[in-house]
Amino acid sequence: MRWRVLPSPVGPLLLGAQGPHLRRIAFTDEEPTGLAGPDAGSLEEAVLAETAHQLGEYFAGERERFELPLAPRGTDVQRRVWWALADLGYGTTVSYGTLAARVGGSPRSVGAALGANPIVIVLPCHRVVGADGGLVGFGGGVARKETLLALEGSALL
């Protein structure tokens, strides 16, 4: 896997690609060291550059849907939840229970899958809220979740 760190309004993002696929976007609070950067002209460099470009558009309010070659690794249950996230509309939210009903799981299994989400923002786990609309259960922290929802103009805020 090849890596790049991207500054963003929600702090540095760690982007990871392998071959022609995006495998990782993670929040990081400190500059990671010892990561293999992409080789110029490589498939990974192209994927990381396009990811950075699309994220830049998203943070500028110019992109509502990502078009990236995603290949998250996880269990069947996790992947069902992650692909359901990709279908959530920009600026909308859904409860854990509603998402669980859509994917045929429990709110607890949805929460576990969200906690393991390897491609944050693009697979928008920040759009999943508590049954009462509360901003709960976000691995990046509630402040980041609130920032992302505010950026999207969520009716929740």
Side-chain angles (χ1 to χ4, degrees), residues 1 3-30 32 47-48 50-157:
M1 184 130 32
W3 303 93
R4 172 187 285 187
V5 176
L6 178 71
S8 85
V10 291
L13 298 172
L14 182 61
L15 313 179
Q18 187 173 30
H21 298 107
L22 180 65
R23 298 243 188 231
R24 189 98 169 120
I25 299 177
F27 299 110
T28 181
D29 291 320
E30 53 189 61
V47 170
L48 294 173
E50 183 59 24
T51 301
H53 174 75
Q54 289 189 30
L55 283 167
E57 290 177 335
Y58 169 80
F59 287 118
E62 300 166 355
R63 176 174 289 275
E64 295 183 359
R65 190 157 184 88
F66 294 94
E67 299 170 12
L68 295 165
L70 307 180
R73 290 186 176 142
T75 67
D76 289 341
V77 171
Q78 289 172 329
R79 287 193 306 271
R80 270 198 324 270
V81 171
W82 299 336
W83 293 131
L85 292 174
D87 291 334
L88 295 178
Y90 182 88
T92 65
T93 58
V94 65
S95 72
Y96 287 87
T98 299
L99 187 57
R102 287 182 190 171
V103 300
S106 68
R108 185 175 296 253
S109 67
V110 165
L114 296 178
N117 180 2
I119 306 177
V120 300
I121 301 172
V122 171
L123 296 176
C125 51
H126 61 276
R127 295 180 187 154
V128 182
V129 298
D132 63 355
L135 304 183
V136 298
F138 189 59
V142 173
R144 282 186 175 128
K145 185 173 198 162
E146 186 172 27
T147 298
L148 292 167
L149 289 173
L151 171 83
E152 295 181 5
S154 173
L156 196 67
L157 301 177

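Side chains are part of it too, since the values below use all heavy atoms of this structure and drop only hydrogens, waters and symmetry mates.
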Intermediate values then yes/no, side chain to side chain contact (heavy atoms under 4.5 Å, CB included), Phe138 and Val129: CA-CA 9 Å; Phe138 189 59; Val129 298; over 6 Å; no
Exercise: identify the closest heavy-atom pair between Ile121 and His126: O-CE1, 3.9 Å
Derivation and outcome, side chain to side chain contact (heavy atoms under 4.5 Å, CB included), residues Tyr96 and Arg108: CA-CA 8 Å; Tyr96 287 87; Arg108 185 175 296 253; over 6 Å; no
Side-chain heavy atoms of Leu15 within contact of Leu55, under 4.5 Å: yes
Backbone of Val136 reached by a side-chain donor or acceptor of Lys145 within 3.5 Å: yes
Where Leu151 and Phe59 come nearest, the two heavy atoms and their spacing: CD1-O, 3.5 Å
Any side-chain heavy-atom pair of Leu13 and Phe27 under 4.5 Å: yes
Check: Leu99 and Leu85 side chains under 4.5 Å, non-hydrogen atoms: yes
Over all atoms of both residues, closest heavy-atom pair of Trp3 and Leu14: CE3-CG, 3.6 Å
Minimal non-hydrogen separation, Cys125 against Val120, with atom names: SG-CG1, 4.3 Å
Side-chain (Gln54) to main-chain (Arg63) donor-acceptor, under 3.5 angstrom: no
Heavy-atom closest contact (Ala100 atom, Ser106 atom, distance): CB-C, 3.4 Å
Side-chain touch Val122/Tyr58, heavy atoms, less than 4.5 angstrom: no
Residues that Pro72 engages under side chain to side chain contact (heavy atoms under 4.5 Å, CB included), provided they are two or more places apart: Leu70, Trp82, Trp83, Pro118, Ile119, Leu123
Result of checking Val81, Asp76, Thr75 against Gln78 for side chain to side chain contact (heavy atoms under 4.5 Å, CB included): Thr75
Between CZ on residue Arg24 and CD on residue Gln18, distance to nearest 0.5 Å: 13.0 Å
Within-4.5 Å side-chain heavy-atom neighbours: Val47 and Leu68: no
Heavy-atom side-chain contact between Thr147 and Arg144 under 4.5 Å: no
Test salt bridge (Lys or Arg N to Asp or Glu O under 4.0 Å) applied to Arg102 - qualifying residues, sequence neighbours left out: none
Distance, nearest 0.5 Å, that separates CG of Leu48 from CD1 of Ile25: 9.5 Å
Expected output: side-chain Arg23 to main-chain Met1 donor-acceptor under 3.5 Å: no
Ser95 versus Ala131, closest heavy-atom pair with distance: CB-CA, 4.1 Å
